[in-house]
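Below is one structure; the comments refer to it alone.
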Amino acid sequence: GGLHRFMNWDRGILTDSGGYQVFSLSDLNHITEEGVGFKSHIDGSSHILTPEKSIQIQNDLGADIIMAFDECTPWPAERDYALRSLQRTTRWLDRCIRTHGRSHDQALFGIVQGSTYGDLRRQSAAEITAFDLPGYAIGGLSVGEPGDLMRQMLEETIPLLPSDRPRYLMGVGSPDYLIDATIRGIDLFDCVLPTRLGRNGTVLTSGGRVIVRDAQYARDFSPMDAKCSCYACRNYSRAYIRHLIKANEMFGLRLTSWHNLHFLVNLMKQVREAIVADRLNDFREEFFADYGYTESE
RNA sequence: GUGGGAUUAGCUCAGUUGGUUAGAGUGCCAGAUUGUGGCUCUGGAAGUCGUGGGUUCAAUUCCCAUAUCCCACC
């Protein structure tokens, strides 16, 4: 029946290919032209994940958007490795497209790689967009490289992606990066940051990051963000949420995650309004002025 | 009541054949986290070594007494 029925969710769903796990769990696997071999952490059995297998699984899951099985090039990468990696990602995309059995109701997005080399980004964008796909993603960024490099790579890549299809920056979720990437033409993001920060007791607020788990909030009975209208901020204090977290009570982490998601959804709503009003750069100035973000290099 | 064991960081425990600033795990405190799953990583603070005596140049370590806890037996 697929994910929509399984989850009772009739809106959009995107599934990832597993390519990023190859990157983030890199000491547990080995990459070949065929695919990625790894051993199960459950029973030690050997498996190989290939572009064909990834797409078959995603076809079975039935999400609205599915992602090509790519190689997320680690940073820093030698130019030669980055080139071979991007070329393999292109060959894998070809295999993904050939396997894809539900192109009538599932949108397969290709992924641009190229590490932090402008010409390689342009080469990858040309190779990936040579395939006629309903959307294109930029991968291999926000993997440890300085923010300036990420912005440069966006400027190299985005102009080569068709503007009538969604342009998706994978793995970015901090407020400053969201704004900077949107200014450069990105339409779509996904990120663990709001929920991972939430699960670690950190919240994004109109005054910057607040680590609500810290002892200094034990008797702070104000909401996480006084300017926020989310359920958690309307009903619970920093002191109570900290208490829940310190007591290992899951509800505390759900409240912080809830708030962080609300914060980013609200941020992007403001970004869209600023785009409509043609004042996105002004919005960026205003946002940084009273947000106090200091982590962009 | 008798015999044995234990007592070292908030907690669970190493250790010192008597010798500079007594360690670990966990917890606590503070950072990190960018293609999710309570994880992980990086720093930091933290102990009159149960208490009182004795021996000794020197005792957390050896001796005596004492307190508390555990086990066995009466």
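For clarity, every value in this text was computed on a predicted model and none was experimentally measured. Each chain gets a letter, A, B and so on, in the order its sequence line appears, and its residues count up from 1.
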*Do we see a donor-acceptor contact under 3.5 Å between the side chains of T32(A) and H30(A)?*
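There is no such pair (donor and acceptor under 3.5 Å, judged by atom type) between the side chains of T32(A) and H30(A).
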*E156(A) and Q152(A) side chains, donor-acceptor separation under 3.5 Å*: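 No, because no side-chain N or O of Q152(A) sits under 3.5 Å from a partner of the opposite role on E156(A).
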Report the distance from atom [atom1] of [X] to atom [atom2] of [N], rounded to the nearest whole Å.
| X | N | atom1 | atom2 | answer |
| --- | --- | --- | --- | --- |
| L244(A) | G38(B) | CG | P | 18 Å |
| M170(A) | G35(B) | CE | P | 9 Å |
| L193(A) | G37(B) | CG | C1' | 14 Å |
| L197(A) | A32(B) | CG | P | 9 Å |
| L178(A) | G35(B) | CG | C1' | 14 Å |
| M250(A) | G37(B) | CE | C1' | 7 Å |
| Q58(A) | G35(B) | CD | P | 16 Å |
| R209(A) | A32(B) | CZ | P | 6 Å |

By the 4.0 Å heavy-atom rule, please label [X] as base, sugar-phosphate, or nothing.
| X | value |
| --- | --- |
| G19(A) | nothing |
| D190(A) | sugar-phosphate |
| Q113(A) | base |
| T202(A) | base |

Gap in Å between the two [atom1] atoms, one belonging to [N] and one to [M], rounded:
| N | M | atom1 | value |
| --- | --- | --- | --- |
| U17(B) | U12(B) | P | 26 Å |
| G5(B) | C64(B) | P | 12 Å |
| C11(B) | A46(B) | C1' | 13 Å |
| C57(B) | C69(B) | P | 39 Å |
| A32(B) | A24(B) | P | 25 Å |
| U56(B) | C63(B) | P | 16 Å |
| G10(B) | C28(B) | P | 14 Å |

*Among residues 217-237 of chain A, which residues get a heavy atom nearer than 4.0 Å to RNA chain B?*
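Result for residues 217-237 of chain A: none.
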*RNA chain B-proximal residues of residues 77-95 of chain A, any heavy atom under 4.0 Å*: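 Hits under 4.0 Å, by residue number: none.
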_side-chain hydrogen bond (donor to acceptor under 3.5 Å, both in side chains) between T202(A) and N200(A), intermediate numbers included_ = CA-CA 6 Å; T202(A) 299; N200(A) 286 286; over 6 Å; no
_Test your reading of the model: is there a side-chain donor-acceptor pair from R184(A) to the backbone of L154(A), 3.5 Å cut-off?_
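Flag not set: sc R184(A) to bb L154(A) has no pair under 3.5 Å.
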*Would a distance-only check, ignoring hydrogens and angles, find a side-chain to backbone donor-acceptor pair under 3.5 Å from D278(A) to A274(A)?*
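A pair under 3.5 Å: no.
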_Pair L193(A)-S174(A), side chain to side chain contact (heavy atoms under 4.5 Å, CB included): steps then yes or no_ = CA-CA 7 Å; L193(A) 193 67; S174(A) 61; 3.8 Å; yes
*Under the side chain to side chain donor-acceptor pair (under 3.5 Å) test, residues paired with Y81(A) that sit two or more places apart*: E71(A)
Show me the side-chain donor-acceptor pairs of residues 158-172 of chain A shorter than 3.5 Å, one per line, residues at least two apart or across chains.
| unit_1 | atom_1 | unit_2 | atom_2 | d |
| --- | --- | --- | --- | --- |
| R165(A) | NH1 | D132(A) | OD1 | 2.8 |
| R165(A) | NH1 | L133(A) | O | 2.7 |
| R165(A) | NH2 | D132(A) | OD1 | 3.4 |
| R167(A) | NE | G185(A) | O | 3.1 |
| R167(A) | NE | D187(A) | OD2 | 3.1 |
| R167(A) | NH2 | G185(A) | O | 3.3 |
| Y168(A) | OH | D190(A) | OD1 | 2.7 |

*Are more than 12 heavy atoms from other residues, nucleotides or ligands located less than 6.0 Å from atom CD of E78(A)?*
no
Restricting both atoms to N or O, compile the protein contacts to nucleotides 27-31 of chain B shorter than 3.5 Å, with distance only.
| unit_1 | atom_1 | unit_2 | atom_2 | d |
| --- | --- | --- | --- | --- |
| C29(B) | OP1 | R242(A) | NH2 | 2.7 |
| C29(B) | OP2 | K246(A) | NZ | 2.4 |
| A30(B) | OP1 | A215(A) | N | 2.9 |
| A30(B) | OP2 | D214(A) | OD1 | 3.3 |
| A30(B) | OP2 | A215(A) | N | 3.3 |
| G31(B) | OP1 | D214(A) | OD2 | 3.2 |
| G31(B) | OP2 | D214(A) | OD1 | 3.4 |
| G31(B) | OP2 | D214(A) | OD2 | 2.9 |

*Step by step, would you call T15(A) with Q58(A) a side-chain hydrogen bond (donor to acceptor under 3.5 Å, both in side chains)?*
CA-CA 7 Å; T15(A) 51; Q58(A) 294 188 82; 2.8 Å; yes
*How does RNA chain B look in dot-bracket notation if pairs are Watson-Crick or G-U with both distances under 3.5 Å, crossing ones as [ ], other-strand ones as |?*
(((((((..((((.....[...)))).(((((.......))))).....(((((..]....)))))))))))).
*Please work out which of the three classes, parallel, tilted or perpendicular, describes the rings of F251(A) and Y236(A), given edges at 30° and 60°.*
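If you compare the ring of Y236(A) with that of F251(A), the planes turn out perpendicular.
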*Could you walk me through whether T73(A) and S115(A) pass side-chain hydrogen bond (donor to acceptor under 3.5 Å, both in side chains), step by step?*
CA-CA 6 Å; T73(A) 310; S115(A) 189; 6.0 Å; no
*If you take atom types as modelled and just measure distance, does the side chain of D70(A) reach the base of G35(B) with a donor-acceptor pair under 3.5 Å?*
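Indeed there is one.
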*Before giving the answer on side chain to side chain contact (heavy atoms under 4.5 Å, CB included), spell out for L141(A) and L149(A) the whole-Å C-alpha distance, their side-chain angles and the decisive distance to 0.1 Å.*
CA-CA 9 Å; L141(A) 291 179; L149(A) 265 180; over 6 Å; no
*Do H100(A) and R95(A) come within less than 4.5 Å of each other through their side chains, counting heavy atoms only?*
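No; the side chains remain at least 4.5 Å from each other.
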*Quick one: on RNA chain B, does N248(A) or F23(A) contact a more 5' nucleotide (nearest heavy atom)?*
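Closer to the 5' end of RNA chain B: F23(A).
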*asked:* As an exercise, state the distance from CZ of R11(A) to CG of D64(A), rounded to the nearest 0.5 Å.
replied: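 It comes to 11.5 Å.
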